[in-house]
A.B. asks: 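One structure coming up, written as structure tokens, with questions to follow.
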2 protein chains.
Amino acid sequence: MSVMEIQPAVIETEVFRALADPTRRAVLERLGNGEQTVTELRSGFAVSQPAISQHLAALRRAGLVSERRAGRHVYYRADPAGIAPLIGWIERYQSFWRERMDRLKDVLQEMDE
Amino acid sequence: MSVMEIQPAVIETEVFRALADPTRRAVLERLGNGEQTVTELRSGFAVSQPAISQHLAALRRAGLVSERRAGRHVYYRADPAGIAPLIGWIERYQSFWRERMDRLKDVLQEMDE
DNA sequence: CCGACATATAAGTACATGCTTATGGATTGG
DNA sequence: CCAATCCATAAGCATGTACTTATATGTCGG
């Protein structure tokens, strides 16, 4: 099966919308370095704890993060599968973005070396 | 130079925001099949001409489309370079999106065959 | 020229969003 | 236990967004 599974456009929209907010992208970046609790995430951001929780809820709806509950702590982590819709979208438009994708391929190649 | 040039985060935000709207993505898809005027684009969408113009303005701000003026017509077309910030973002998070990127690489490989 | 056309912009409106403070439910440590 | 901690949710507010209609600007055809 292709990297692009059957994904209703609504999910694509959720992912793009989730990533459209700079704070949310920053939260996701933090989670890329390993799972963190809401309280841990809160440090370093100039927003309240509920704001962080709301951002996490949005990221979760988009499938970009998942959670692990342990007592009163909730550990969030980035879900690599979450960007599949993004990649699927790029793939769908490959015909006219082909040139760009070739460049991406070069980048990926460089990463292997 | 890498596929990711120096791109302030604000441009990333513009691109994600532009693509977060389904109508705008559909407009972009249409433009992928070749340049079209605003009036041509209007057909097939259930929104007014100003709405189309506003979507095009958003796509233009994000660098996803460019225009060519010819008399009273304005031909819009998708700009392949516009998704560079998107790819740049994926590249920056390669450390934890690595697994997904490998799958993307497979897809790109398949495209070559 | 000038009316019709192509497009952009302005102004208004309904709804979405991102934040806040307040509060509620669950869990833990002492 | 129970007060403190962790987190989510509710409610409210300011701002942003996507649309509309109305209008302005520019260009063409006859």
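Only this structure's heavy atoms are used, side chains among them; waters, hydrogens and symmetry mates stay out. Throughout, protein chains are lettered first and strands after them, A, B, ... in sequence-line order, and every chain is numbered starting at 1.
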A.B. asks: Of the non-hydrogen atoms in B:Ala20 and B:Pro22, which two are nearest, and what is the gap between them?
C.D. replies: O-CD, 3.6 Å
A.B. asks: Give a yes/no on whether any side-chain N or O of A:Ser53 is located under 4.0 angstrom from OP1 or OP2 of D:dC7.
C.D. replies: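 No, no such contact exists.
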A.B. asks: Compare side-chain N and O positions of A:Tyr76 against OP1 and OP2 of D:dC6 and report whether any pair is under 4.0 Å apart.
C.D. replies: no
A.B. asks: Between B:Ser43 and B:Arg30, does the side chain to side chain contact (heavy atoms under 4.5 Å, CB included) criterion hold? Intermediate values first, please.
C.D. replies: CA-CA 11 Å; B:Ser43 80; B:Arg30 288 271 298 269; 3.9 Å; yes
A.B. asks: Using the side chain to side chain contact (heavy atoms under 4.5 Å, CB included) rule, take A:Leu56 and A:Leu41 through it: C-alpha gap first, then chi angles, then the decisive distance, then the call.
C.D. replies: CA-CA 10 Å; A:Leu56 287 168; A:Leu41 272 173; 3.9 Å; yes
A.B. asks: Using OP1 and OP2 only, check whether a side-chain N or O of A:Ser48 sits under 4.0 Å from C:dC19.
C.D. replies: no
A.B. asks: Indicate, yes or no, whether a donor-acceptor pair under 3.5 Å links the base of C:dA8 to the side chain of B:Gln49.
C.D. replies: yes
A.B. asks: Give the rounded distance in Å between these two atoms: CD of B:Glu40 and P of C:dC5.
C.D. replies: 16 Å
A.B. asks: Between P on C:dT9 and CD on B:Gln54, what's the gap in Å once rounded to a whole number?
C.D. replies: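 In whole Å, C:dT9 P and B:Gln54 CD are 10 Å from each other.
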A.B. asks: Just how far, in rounded Å, is C1' of D:dC6 from CZ of A:Arg68?
C.D. replies: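 In whole Å, D:dC6 C1' lies 15 Å from A:Arg68 CZ.
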A.B. asks: Please round to the nearest 0.5 Å and tell me the distance separating atom CZ of B:Arg42 and atom CD of B:Gln36.
C.D. replies: 13.5 Å
A.B. asks: Can you pull out the residues from residues 13-24 of chain A that lie within a 4.0 Å heavy-atom distance of DNA chain D?
C.D. replies: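 Heavy-atom cutoff 4.0 Å gives no residues at all.
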A.B. asks: For B:Ile83, run the side chain to side chain contact (heavy atoms under 4.5 Å, CB included) check against B:Ile90, B:Leu64, B:Leu28 and tell me which one passes.
C.D. replies: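 Looking at B:Ile90, B:Leu64, B:Leu28, the match for B:Ile83 under the side chain to side chain contact (heavy atoms under 4.5 Å, CB included) is B:Leu64.
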A.B. asks: Please give, in whole Å, the distance from D:dT5 C1' to A:Arg42 CZ?
C.D. replies: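 My rounded result for the distance is 14 Å.
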A.B. asks: Using whole Å, report how far CZ of A:Arg25 lies from C1' of C:dG18.
C.D. replies: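 Interatomic distance, CZ of A:Arg25 to C1' of C:dG18: 15 Å.
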A.B. asks: Any N or O donor-acceptor pair under 3.5 Å from the base of D:dT5 to the side chain of A:Arg72?
C.D. replies: yes
A.B. asks: Nearest heavy atom decides the nucleotide; on that basis, is B:Glu67 or A:Gly71 closer to the 5' end of DNA chain C?
C.D. replies: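 The residue mapped nearer the 5' terminus is B:Glu67.
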A.B. asks: Answer with base, sugar-phosphate or nothing: what part of the nucleic acid does A:Ala46 contact at a heavy-atom distance below 4.0 Å?
C.D. replies: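 Sugar-phosphate contact only - A:Ala46 comes under 4.0 Å of backbone atoms but never of a base.
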A.B. asks: For A:Thr39, answer base if it contacts any base atom (sugar-phosphate contacts may also be present), sugar-phosphate if it contacts only those atoms, and nothing otherwise; contact means non-hydrogen atoms under 4.0 Å.
C.D. replies: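 Here A:Thr39 touches the backbone only, sparing every base.
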A.B. asks: Show your reasoning for whether side chain to side chain contact (heavy atoms under 4.5 Å, CB included) applies to A:His55 and A:Phe45.
C.D. replies: CA-CA 12 Å; A:His55 281 311; A:Phe45 290 106; over 6 Å; no
A.B. asks: Can you check side chain to side chain contact (heavy atoms under 4.5 Å, CB included) on A:Arg60 and A:Val65, steps first, answer last?
C.D. replies: CA-CA 5 Å; A:Arg60 197 184 197 304; A:Val65 304; 4.1 Å; yes
A.B. asks: When you match A:Pro50 and B:Arg69 each to their closest nucleotide on DNA chain C, which lands nearer the 5' end?
C.D. replies: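 Nearest-nucleotide comparison on DNA chain C picks B:Arg69.
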